2 protein chains.
Amino acid sequence: MARAGLTTERVTVAGAEVADEVGLDQVTMSRVARRLGVKDASLYTHVRSLEDLRGRIALLAADEKTVRIAEATAGRAGRDALIAFAGAWRDYAHEHPGRYAATQAPIRIDPDLVAKAPGPRRAIELTYTMLRGYGLAEPDLTDAVRLLRSAFHGFVSLEAAGSFAHRRSPQQSWVRALDALHTLLEHWPPPGEGDSR
Amino acid sequence: MARAGLTTERVTVAGAEVADEVGLDQVTMSRVARRLGVKDASLYTHVRSLEDLRGRIALLAADEKTVRIAEATAGRAGRDALIAFAGAWRDYAHEHPGRYAATQAPIRIDPDLVAKAPGPRRAIELTYTMLRGYGLAEPDLTDAVRLLRSAFHGFVSLEAAGSFAHRRSPQQSWVRALDALHTLLEHWPPPGEGDSR
DNA sequence: GTCGCTTCCTAGGAGTCCTAGGCATATCCT
DNA sequence: AGGATATGCCTAGGACTCCTAGGAAGCGAC
């Protein structure tokens with residue numbers, strides 16, 4: 001009986017593929033094992049548990065998404081960088097819905113694993129870098145980063161859940177939302193009582 | 001043997017309680033049955049399947065959240081309404097994390113059930129009502145609604161996932177984000193090439 | 001009281017996660 | 001090259017899950 005040549009990496013990728021194809025909640029040990037032509041018990045040599053596998057998928061996704069964003073924003077600044085950043089984010093979520101869902105799922109991930117994975121931290125750094133051109137200073141910078149991340153994540157989540165049922169296409173709303181966020185970053189309001197006009 | 005007096009409503013509420021206490025993915029037929037002092041098979045008289053139960057929890061949550069928002073925004077306008085709306089949204093997510101997660105989970109919900117539940121549709125209407133004071137016209141209105149919903153949902157999702165690990169408290173960022181969104185709604189950019197300054 | 005409907009039960013099949021222990025295969029050492 | 005060691009994948013099985021089928025016990029109507 002020939003060996004299947006499994007490895008933690010291959011199991012994780014197979015799990016990510018299952019997640020993208022049929023949803024994150026369908027990522028089960030037996031299903032991943034079937035895809036790899038192997039019995040489910042065999043996976044436990046490479047992965048501690050189902051929870052562990054899901055965590056690895058989440059980290060894989062975070063890393064991949066970060067790389068995409070880094071490539072897209074390289075050499076860009078200001079408005080161009082914002083659009084490239086957001087576009088890469090949304091494209092990744094569309095292409096890999098299961099992986100993307102894993103990044104948001106309530107999973108306890110092994111801290112050692114997180115420490116090794118550069119994705120999440122680097123994603124934050126990239127956001128700060130992108131905002132450099134807008135001239136924001138702390139703590140406004142952190143607040144702006146959080147708002148942008150919220151808007152991006154919220155948009156693709158609602159989109160994936162089918163919450164944009166209105167006639168207008170999500171794509172159009174997306175473009176206009178980025179317009180609006182760009183404007184907002186250029187006119188970030190000062191602290192204190194928010195005045196009108 | 002006395003009857004437990006189950007009903008679809010009671011089963012749904014029990015499921016929602018389990019979701020809030022230990023997470024949506026821990027909502028299982030057996031667990032809900034144990035909480036109700038009943039065998040799991042008994043639940044199938046009131047609920048079609050686990051998927052059906054999850055869908056009902058999602059609709060329950062949508063309705064509850066909508067009611068909260070309606071109460072909070074009643075009689076308010078402009079900035080006050082925006083803050084009350086967003087605050088009610090976030091408070092509900094904090095108080096009922098499992099229910100809130102259900103509203104976002106990838107669940108196929110019985111269309112007939114959805115038609116009867118006023119929550120989702122009314123939530124959208126409330127958002128439009130809240131924005132009335134800002135003088136936006138279609139299609140900007142729809143785009144603004146979508147951006148706001150994205151920002152609110154994204155913020156509470158990231159917050160729940162522990163993605164705001166920076167020193168600055170999420171609460172402070174939340175207040176400033178609402179400042180920023182209020183400003184943005186007052187200066188919603190015109191279509192076309194987004195200019196700077 | 002008795003009939004009939006609903007509720008809740010017991011029993012059981014199929015699928016899931018995970019552990020324990022065994023055999024076969026790859027790798028290293030001389 | 002051949003043997004020792006380590007590793008990969010297996011079978012077997014327990015505990016738990018969802019869900020169905022069919023039976024018994026409580027409730028309301030008459």
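Convention: sequence-line order gives letters A, B, ...; per-chain numbering from 1. Because the structure is predicted, anything quoted here is derived from the model rather than measured. For the numbers below, each heavy atom of this structure counts, side chains included, while hydrogens, waters and symmetry mates do not.
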Participant: Going by the rule side-chain hydrogen bond (donor to acceptor under 3.5 Å, both in side chains), which residues pair with B:S173 if we only count those two or more places apart in sequence or in a different chain?
Facilitator: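 B:S173 satisfies side-chain hydrogen bond (donor to acceptor under 3.5 Å, both in side chains) with A:D143, A:R146 only.
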Participant: Take the protein atom CG of B:L36 and the nucleotide atom P of C:dC8, then report the distance between them rounded to whole Å.
Facilitator: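 Taking atom P of C:dC8 as the reference, CG of B:L36 is at 10 Å.
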Participant: Honestly, is A:R68 close enough over A:W89, meaning NZ or CZ under 6.0 Å from the six-membered ring centre and within 45° of the axis?
Facilitator: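 No, A:R68 and A:W89 do not form such a contact.
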Participant: Could you walk me through whether B:R34 and B:D40 satisfy the salt bridge (charged side-chain N to carboxylate O under 4.0 Å, His left out) test, starting with their C-alpha distance in whole Å, then the side-chain angles of each, then the deciding distance to 0.1 Å, before giving a yes or no?
Facilitator: CA-CA 8 Å; B:R34 277 197 297 273; B:D40 58 335; over 6 Å; no
Participant: Got a sec, which residues hit side-chain hydrogen bond (donor to acceptor under 3.5 Å, both in side chains) with A:E125, two or more places apart in sequence or on another chain?
Facilitator: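 side-chain hydrogen bond (donor to acceptor under 3.5 Å, both in side chains) list for A:E125, sorted by chain: empty.
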Participant: Between A:S42 and D:dC10, is there a contact of a side-chain N or O with OP1 or OP2 at under 4.0 Å?
Facilitator: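 For D:dC10, OP1/OP2 do have a side-chain N/O of A:S42 under 4.0 Å.
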Participant: Can you find a side-chain donor-acceptor pair between B:Y92 and B:E64 that sits under 3.5 Å?
Facilitator: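 Per modelled atom types, B:Y92 and B:E64 side chains form a pair under 3.5 Å.
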Participant: Taking the ring of B:Y100 and the ring of B:H94, is the distance between their centroids below 6.0 Å?
Facilitator: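 Judged by ring-centre distance (under 6.0 Å), B:H94 and B:Y100 do not meet the cut-off.
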Participant: Does A:H46 make a side-chain N or O approach to OP1 or OP2 of D:dC9 shorter than 4.0 Å?
Facilitator: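 Checking D:dC9 against A:H46, a side-chain N or O does come within under 4.0 Å of OP1 or OP2.
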Participant: Need the bend value for the helix from C:dG1-D:dC30 to C:dT30-D:dA1: angle between end axes, 5 pairs each end, nearest 10°.
Facilitator: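 It works out to 10° between the end axes.
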Participant: Would you say the ring centroid of B:F155 lies under 6.0 angstrom from that of B:W174?
Facilitator: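 When the ring centroids of B:F155 and B:W174 are compared, they turn out to be within the sub-6.0 Å range.
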Participant: Applying side-chain hydrogen bond (donor to acceptor under 3.5 Å, both in side chains), can you list everything that pairs with B:H46, at least two apart in sequence or on another chain?
Facilitator: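 Applying side-chain hydrogen bond (donor to acceptor under 3.5 Å, both in side chains) to B:H46 gives none.
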Participant: Tell me, which of residues 14-25 of chain B have any heavy atom that sits under 4.0 Å from an atom in DNA chain D?
Facilitator: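 Output list: empty, so none.
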Participant: Show the distances under 3.5 angstrom between N or O atoms of the protein and N or O atoms of nucleotides 16-19 of chain D.
Facilitator:
from   : atom 1 : to    : atom 2 : distance (Å)
D:dT17 : O5'    : B:S30 : OG     : 3.2
D:dC18 : OP1    : B:M29 : N      : 2.6
D:dC18 : OP2    : B:M29 : N      : 3.2
D:dC18 : OP2    : B:S30 : N      : 2.9
D:dC18 : OP2    : B:S30 : OG     : 2.7
D:dC19 : OP2    : B:Y44 : OH     : 3.0
D:dC19 : OP2    : B:L50 : N      : 2.7
D:dC19 : O5'    : B:Y44 : OH     : 3.4
D:dC19 : N4     : B:D40 : OD2    : 3.4

Participant: Could you check B:H153, B:Q171, B:E95 and say which one makes a side-chain hydrogen bond (donor to acceptor under 3.5 Å, both in side chains) with B:R90?
Facilitator: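 Answer to the side-chain hydrogen bond (donor to acceptor under 3.5 Å, both in side chains) test with B:R90 among B:H153, B:Q171, B:E95: B:Q171.
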Participant: Donor-acceptor pair, distance only, cut-off 3.5 Å: does the side chain of A:T73 make one with the backbone of A:R76?
Facilitator: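 No, A:T73 side chain to A:R76 backbone: no donor-acceptor pair under 3.5 Å.
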Participant: B:K39 has a side chain; which of D:dC9, C:dC9, C:dT7 sits nearest to it?
Facilitator: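 Of D:dC9, C:dC9, C:dT7, C:dC9 is nearest to the side chain of B:K39.
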Participant: Whole-Å distance between D:dC27 C1' and B:L6 CG?
Facilitator: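 That distance rounds to 15 Å.
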Participant: Just by distance, no angles: are the side chains of A:T142 and A:E138 close enough, under 3.5 Å, to form a donor-acceptor pair?
Facilitator: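 There is such a pair between these side chains.
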